Amino acid sequence: MKVEKLVEIIGSDFYTGVPDSQLKALCNYLMYTYGIDAAHHVIAANEGNCVGLAAGYHLATGKVPVVYMQNSGEGNIINPVASLLNDKVYAIPMVFVIGWRGEPGIHDEPQHIYQGEVTIKLLDDMGIESFVIGADTSDEEVAAAMAGFREVLSSGRDVAFVVRKGALSFDGKVSYENANSMVREEIIQHIVTVSGEDPVVSTTGKASRELFETREANGQSHKYDFLTVGSMGHSSSIALGVALNKPGTKVWCVDGDGAVLMHMGSMAVLGANAPKNLVHVVINNSAHETVGGMPTVAGSMDIVGVAKACGYPYAVCVDSFDALDRELAAAKSRDSLSLIEVKCSIGARADLGRPTTTALENKENFMGYLSSL
């Protein structure tokens, strides 16, 4: 289905969401058509943030907004859907467009399997009527579903289009780039060199894949690393939990700007606890690169300033490998919580692999290593 037709059928003029590779056609269409435009399209920090923003749009205009997201974001919308949108509360109508990762019967990564199994059930439990769009779904079928949805929306309830892999297409060309020169995989290689045998917790997406590949290339064990393949935005909290319980061990968190934004309150908790043995490295390419490269707001915010305001004793931003190496070495020896923001380019090599160990093996190897420290 052409994404332009889906947008026409839905008939909304305001979209907000968190980008998803399954919805790349929709994300690229919105960027191609609107870019980031407060009147029509806003990429938010997390899916709950999207729901609040869309609710405000409805309150101000009386119109029905659209929230797009990967199905992994369903957990982030449960509270606002139940306590804000629900027709027993404010009866705010909304259309959700949800990428169905981990659909039963379709091979996917381990972090998507259970989420895929419960995607429709969660919508049902939230009282959100849904319609699945597949590659063979006709425009007429979608139009008929939307016609039925309009009656649901008019009663202050919510609806969802659940999009299967390959169901949407868009022919327009959109490129995502920035002016930074440092490549993320090389940044991770420098971190690995300095961290040595210290435990590393890495964020979801390509950063964890590149960390795994770096260990492979170095002939190193993977026992040092916890690869947070899902649970976007929580790697720094996992690292905090490790650091607080292993106070004699330096712990590193390799984070991304999109992940930091998704649950930025965790930085306040980190700053308040200020573990002296934790180094928080935020690789900032101002993009949701793993799902296509759509922008985040991290390019226009002061992450170092946020960290200092949250109580980090030391925070710095670097944009060269010389500066990165100096700051990594200093953080390694510093007896204080440190944040290093690293300005990064957008892009990864085309043949980037995926971890060859299972998530459970990763956990067991990492825990075994921690128990030896």
Side-chain angles (χ1 to χ4, degrees), residues 18-24 27-28 31 43 45-46 69-70 72-73 99 101-102 107-112 115 165 174-178 180-193 195 200-218 220 222 224-236 238-239 252-263 280-296 298-299 303 319 321 324 340-359 362:
V18 176
D20 170 40
S21 57
Q22 209 93 312
L23 301 177
K24 189 173 181 179
C27 295
N28 283 346
M31 289 301 299
I43 296 176
N46 65 53
M69 61 183 186
Q70 185 181 117
S72 61
R101 296 296 302 269
H107 175 73
D108 212 324
E109 298 305 307
Q111 66 270 27
H112 299 301
Q115 182 70 56
K165 184 176 182 179
V174 184
S175 62
Y176 302 104
E177 57 188 12
N178 60 37
N180 302 324
S181 60
M182 300 173 74
V183 176
R184 185 184 49 250
E185 188 165 13
E186 294 178 21
I187 293 167
I188 289 171
Q189 290 165 358
H190 283 243
I191 295 169
V192 166
T193 297
S195 63
V200 178
V201 178
S202 59
T203 189
T204 188
K206 289 182 179 177
S208 280
R209 293 166 60 184
E210 289 167 343
L211 176 58
F212 189 92
E213 294 267 291
T214 296
R215 297 292 191 194
E216 286 285 288
N218 291 348
Q220 294 175 299
H222 298 290
Y224 308 114
D225 310 323
F226 184 80
L227 310 176
T228 315
V229 293
S231 199
M232 183 173 172
H234 295 300
S235 58
S236 63
I238 296 169
W252 300 73
C253 176
V254 178
D255 219 340
D257 56 292
V260 165
L261 288 167
M262 184 160 280
H263 295 294
H280 189 185
V281 183
V282 180
I283 301 176
N284 183 4
N285 62 6
S286 306
H288 288 286
E289 188 195 329
T290 298
V291 293
M294 286 66 70
T296 72
I303 290 178
D319 61 3
F321 282 108
L324 173 63
I340 305 170
E341 177 191 8
V342 189
K343 294 292 189 179
C344 176
S345 61
I346 297 174
R349 55 188 170 89
D351 62 345
L352 179 63
R354 294 182 181 274
T356 54
T357 54
T358 68
N362 175 212

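In what follows, residues are counted from 1 in the order of the sequence shown. Just so you know, these numbers come straight off a predicted model, no measurement behind them.
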May I ask you to decide if [Y]'s main-chain N or O and [X]'s side chain share a donor-acceptor pair within less than 3.5 Å?
X: Arg209; Y: Arg354; value: no
X: Asp257; Y: Asn285; value: yes
X: Glu289; Y: Gly347; value: yes

Heavy-atom pair with the smallest gap, counting every atom of [X] and [Y]:
X: Val291; Y: Ser21; answer: CB-N, 3.4 Å
X: Val183; Y: Ser345; answer: CA-OG, 3.8 Å
X: Ala239; Y: Cys253; answer: CB-CB, 3.8 Å
X: Ala348; Y: Glu210; answer: CB-OE2, 3.7 Å
X: Ala287; Y: Ile346; answer: CB-CD1, 3.7 Å
X: Ser286; Y: Ala298; answer: OG-C, 3.8 Å

To the closest 0.5 Å, what do you measure between [atom1] ([X]) and [atom2] ([Y])?
X: Arg184; Y: Lys206; atom1: CZ; atom2: NZ; result: 6.5 Å
X: Ser235; Y: Met262; atom1: OG; atom2: CE; result: 11.5 Å
X: Ile340; Y: Ile283; atom1: CD1; atom2: CD1; result: 10.5 Å
X: Ile303; Y: Lys343; atom1: CD1; atom2: NZ; result: 6.5 Å
X: Ile188; Y: Thr214; atom1: CD1; atom2: OG1; result: 6.0 Å
X: Cys344; Y: Glu185; atom1: SG; atom2: CD; result: 11.0 Å

Hey, does [Y] have a side-chain heavy atom less than 4.5 Å from the side chain of [X]?
X: Leu324; Y: Ile187; result: yes
X: Asn28; Y: Met294; result: yes
X: His288; Y: Met232; result: yes
X: Asp108; Y: Lys165; result: no
X: Gln111; Y: Arg101; result: no
X: His222; Y: Glu216; result: yes
X: Met182; Y: Asn180; result: no
X: Val200; Y: Ile191; result: no

| task | Could you name each residue pair satisfying salt bridge (charged side-chain N to carboxylate O under 4.0 Å, His left out) that touches residues 225-234, not counting sequence neighbours? | result |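 For residues 225-234, and leaving out neighbouring residues, the salt bridge (charged side-chain N to carboxylate O under 4.0 Å, His left out) pairs sorted by first residue read Arg215-Asp225.
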| request: Quick one: do Val229 and Glu109 satisfy side-chain contact (heavy atoms from CB on, under 4.5 Å)? Show the steps, please. | output: CA-CA 9 Å; Val229 293; Glu109 298 305 307; over 6 Å; no
| Taking only residues two or more places apart in sequence or in another chain, which ones pass ring pair (Phe, Tyr, Trp, His ring centres under 6.0 Å) with Tyr224? |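 With neighbours one apart ignored, the set is Tyr369.
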